[in-house]
Every structure is written in C-alpha cells, then in structure tokens.
S.K.: 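One structure, pasted below without further comment.
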Amino acid sequence: MKFQHLLKKLFVILWVTLCNIGYCDRLQFIEAPKSFLGNKDPTTIYTFSNNNARATIIFFPGGEGSFRVNENIRYNPGQPRMLKMIADAGYNVVFVDNPYPLVDSGPSGYPAMRAHDDYLDRIDSVLKYHLNQNLPIWLMGHSNGSFTVSTFIRRLQKENRLKEINGIILSGTRNFAKFQGTLDTSIVFIHHEKDGCFATQYQDAVNNYNKVKLINKGTTDFFTITEGNSLSSNPCHTGYHMFHDAYPQVVQNIVSKLP
C-alpha cells in the first residue's frame with residue numbers, strides 16, 4: 001500500500017512539473033447528465049494545453065463523433081495534430097468525444113442525434129466545467145461537428161446564455177448547420193475550395209456564411225483553404241475535407257481571428 005501511495009505521489013509531482021513547462025495535455029471524464037433514459041457513460045475529453053493560454057477552444061469532431069479517445073490521441077497524425085498546432089499557438093483545445101455513436105439518419109445523412117437532449121446536455125456539462133477557468137471560450141465544430149455547434153447555439157439563445165461563449169469556428173461546415181434569430185459573437189468559417197464531400201460543398205458553406213452575416217452583429221469571416229492534397233478514399237473522411245497537408249494554412253487563418 002505504501003508503494004502504491006508513493007507511485008501516486010510521484011505521478012502527481014511529475015504531472016505538476018510537466019504542466020509547469022507547458023506539457024499539461026490530459027484525458028478527463030465529465031460525468032454523464034442525470035437522465036432516466038440517457039446513456040450513463042461519462043463524456044471523455046482530451047485537452048491539448050498551453051500553459052499561457054489566451055482562450056479555450058472546445059472542439060466537436062465530425063463523423064459519428066465517437067472515437068474512444070485515450071492518451072494516444074496526442075500522437076495521431078490526423079486532425080488531432082492540427083488541434084495540437086492551435087494549442088501551441090497559445091490556446092487550450094478540448095477534444096470532446098461522445099461515448100456512443102451519433103449515427104446519421106435517412107438517405108440524406110441528417111445528423112439528428114446531434115440535436116438530442118442527452119448529447120446537448122453533455123455539451124452543456126463540458127461548457128460549464130470550462131467556464132470556471134475564466135478564459136474566453138470558443139466553440140469549434142468540423143463537418144457534422146458544425147451542426148453540433150449550430151444546434152447548441154440555439155439552446156444558448158433560448159436560455160439567454162449566448163454571452164457564455166466568445167466565438168464560433170465552423171470548419172468544413174455541414175450543409176445542415178443553420179443559425180436562427182440574432183447572433184452577437186465572432187464567427188469564423190473555414191473551408192477548402194475543393195472539398196469533395198457531398199454534404200460539405202464549398203458553395204453551400206459560402207451561402208451559409210452570407211446568411212449568417214445578415215443576422216450576426218459581431219464579426220463574421222470566411223477563409224478559403226487552397227493548399228493540401230486529395231486522397232483516393234472517401235472524400236467525406238479524408239483529403240481536402242479533412243485539410244490533408246493544409247494544417248499550417250488552416251491554423252494560421254484560425255489563429256488570426258482568436259484573442
């Protein structure tokens with residue numbers, strides 16, 4: 001027992017030391033919403049940290065939003081590498097992993113499960129946890145994750161809580177990501193000009209941006225990504241849609257609009 005206690009103590013010392021030199025990335029578990037019918041598993045988040053963070057970006061991935069994230073995400077050469085680059089530029093970036101797949105419904109691929117109360121309650125729990133850290137909070141969604149953001153924004157509007165966030169980043173925006181009412185926050189669209197996914201066409205993102213500009217009192221920006229490469233596999237999971245080989249351009253544009 002004494003040996004186990006010593007190991008725990010050494011781990012805490014090591015963790016604090018790494019945090020002090022800027023390596024404070026960590027895996028955490030947010031308690032599941034208290035619901036009779038909801039899933040009981042906790043929400044997993046992984047934070048790419050910066051010891052001198054100027055803001056926190058809460059990131060919602062695309063696809064089915066459930067990736068069984070663990071500590072190995074820090075070595076992933078895909079999109080998590082882009083998030084790490086944003087963190088290195090001066091931010092905390094929180095990857096939100098849902099415990100169950102958010103399966104699209106019907107032939108249109110409508111991401112209805114991302115509008116369910118259990119999922120939105122989980123997002124709310126993650127947001128409230130980070131509100132206690134006294135840093136500006138931005139919500140960022142990629143592909144289906146942009147639908148998550150737009151749906152959660154409507155909840156914040158309904159509850160008169162929009163001031164809890166400082167900005168929105170919509171990446172590879174899903175065609176169903178729509179906003180209503182009046183907005184008053186910073187919004188950034190970022191999209192590849194050659195995005196080949198049927199549900200995230202470039203012109204649809206431009207049209208969405210033009211509509212949002214009309215209802216947003218804050219700044220609304222659109223960045224077109226021109227670098228990168230296509231891949232031969234599914235265009236909704238790889239290549240231009242996922243900003244393959246274009247991370248530096250993406251990060252530079254995003255960071256230019258962050259505090």
Side-chain angles (χ1 to χ4, degrees), residues 28-45 47 53-62 64-66 91-100 102 104-105 110-171 173-189 208-209 211-221 257-259:
Q28 295 173 273
F29 302 94
I30 306 297
E31 185 178 356
K34 290 180 172 56
S35 169
F36 179 74
L37 297 176
N39 186 288
K40 306 305 180 185
D41 294 330
T43 304
T44 304
I45 62 173
T47 304
R54 298 187 294 275
T56 294
I57 301 168
I58 301 177
F59 175 80
F60 305 99
E64 295 183 351
S66 182
Y91 304 92
N92 293 329
V93 183
V94 182
F95 186 106
V96 181
D97 190 34
N98 206 57
Y100 55 87
L102 300 163
D104 292 350
S105 60
Y110 186 72
M113 288 189 70
R114 288 179 180 259
H116 286 185
D117 285 342
D118 179 75
Y119 179 57
L120 295 179
D121 287 344
R122 289 175 180 276
I123 297 172
D124 213 353
S125 297
V126 173
L127 173 62
K128 288 175 179 175
Y129 173 82
H130 288 91
L131 283 172
N132 295 328
Q133 298 177 4
N134 297 317
L135 285 174
I137 293 179
W138 285 58
L139 304 182
M140 177 178 178
H142 179 75
S143 194
N144 275 347
S146 65
F147 181 84
T148 291
V149 170
S150 64
T151 304
F152 186 65
I153 287 296
R154 288 198 291 274
R155 171 183 277 204
L156 294 181
Q157 288 174 306
K158 183 178 180 180
E159 298 176 0
N160 196 27
R161 296 169 52 204
L162 193 57
K163 291 297 183 182
E164 292 181 7
I165 67 163
N166 298 83
I168 300 167
I169 303 167
L170 302 170
S171 164
T173 312
R174 183 68 198 264
N175 52 5
F176 290 120
K178 307 298 182 183
F179 294 89
Q180 299 173 352
T182 300
L183 299 169
D184 188 7
T185 190
S186 298
I187 302 178
V188 176
F189 286 80
N208 198 354
Y209 159 72
K211 292 177 182 178
V212 170
K213 275 200 305 183
L214 298 176
I215 64 172
N216 185 29
K217 295 179 180 178
T219 60
T220 310
D221 296 282
K257 292 300 175 181
L258 292 175

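FYI, the numbering just counts along the sequence from 1. None of these values were measured; they are calculated from a predicted model.
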S.K.: Does F176 have any ring-ring contact (aromatic ring centres under 6.0 Å, His included) partners at least two apart in sequence or in another chain, and if so, which?
M.R.: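 Once residues adjacent in sequence are excluded, the partners of F176 under the ring-ring contact (aromatic ring centres under 6.0 Å, His included) criterion are Y110.
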S.K.: Distance alone, cut at 3.5 Å: any donor-acceptor contact between the side chains of T148 and R114?
M.R.: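 Side chains of T148 and R114: pair found under 3.5 Å.
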S.K.: In this structure, which one of H116, R155, K34 forms a side-chain contact (heavy atoms from CB on, under 4.5 Å) with D121?
M.R.: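 So, applying the side-chain contact (heavy atoms from CB on, under 4.5 Å) to D121 and each of H116, R155, K34, only R155 qualifies.
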S.K.: How would you list, by chain and number, every residue that makes a salt bridge (charged side-chain N to carboxylate O under 4.0 Å, His left out) with K217, sequence neighbours excluded?
M.R.: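 For K217 there are no salt bridge (charged side-chain N to carboxylate O under 4.0 Å, His left out) partners, ignoring immediate neighbours.
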S.K.: Please confirm whether R154 makes a cation-pi placement over F179, using NZ or CZ under 6.0 Å from the six-membered ring centre and within 45° of the ring normal.
M.R.: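 No.
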S.K.: Would you say CD of E164 has more than 12 non-hydrogen atoms from neighbouring residues, nucleotides or ligands within 6.0 angstrom?
M.R.: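 Yes, because the 6.0 Å sphere around CD of E164 holds more than 12 heavy atoms from other groups.
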S.K.: Going by heavy atoms in the side chains, are W138 and I165 under 4.5 Å from each other?
M.R.: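 Answer no - side chains too far apart.
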S.K.: Measure the CE-CD distance between M113 and E64 for me, rounded to the nearest 0.5 Å.
M.R.: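 Going from the CE atom of M113 to the CD atom of E64 covers 9.0 Å.
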S.K.: With rounding to the nearest 0.5 angstrom, report the CG to CG distance, D124 to L131.
M.R.: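 Reported to 0.5 Å precision, the distance equals 9.0 Å.
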S.K.: Do side-chain atoms of K163 reach the backbone of N160 as a donor and acceptor pair under 3.5 angstrom?
M.R.: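 The answer is no, because no donor-acceptor pair under 3.5 Å joins these two groups.
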S.K.: Treating R174 as the side-chain partner and S146 as the backbone partner, does any N or O pair qualify as donor plus acceptor under 3.5 Å?
M.R.: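 No: the side chain of R174 does not pair with the backbone of S146.
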S.K.: Which heavy atom of A177 sits nearest a heavy atom of S150, and at what distance?
M.R.: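 So the minimum-distance heavy-atom pair works out to CA-OG, 3.6 Å.
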S.K.: Indicate whether any N or O donor in one side chain lies under 3.5 Å from an N or O acceptor in the other, for D118 and Y100.
M.R.: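 Yes, Y100 and D118 have a side-chain donor paired with an acceptor closer than 3.5 Å.
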S.K.: Would you say the side chain of R122 lies within less than 4.5 Å of the side chain of N39, judging by non-hydrogen atoms?
M.R.: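 They are in side-chain contact.
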S.K.: Do L102 and N144 have side chains that approach each other closer than 4.5 Å (heavy atoms only, starting at C-beta)?
M.R.: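 With C-beta onward as the side chain, the pair stays apart.
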S.K.: With rounding to the nearest 0.5 angstrom, report the OG1 to OH distance, T43 to Y119.
M.R.: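 The OH atom of Y119 is 9.5 Å from OG1 of T43, to the nearest 0.5 Å.
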S.K.: Out of curiosity, F59 CZ to F95 CZ, how far, rounded to the nearest 0.5 Å?
M.R.: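 If I round to the nearest 0.5 Å, the distance is 6.0 Å.
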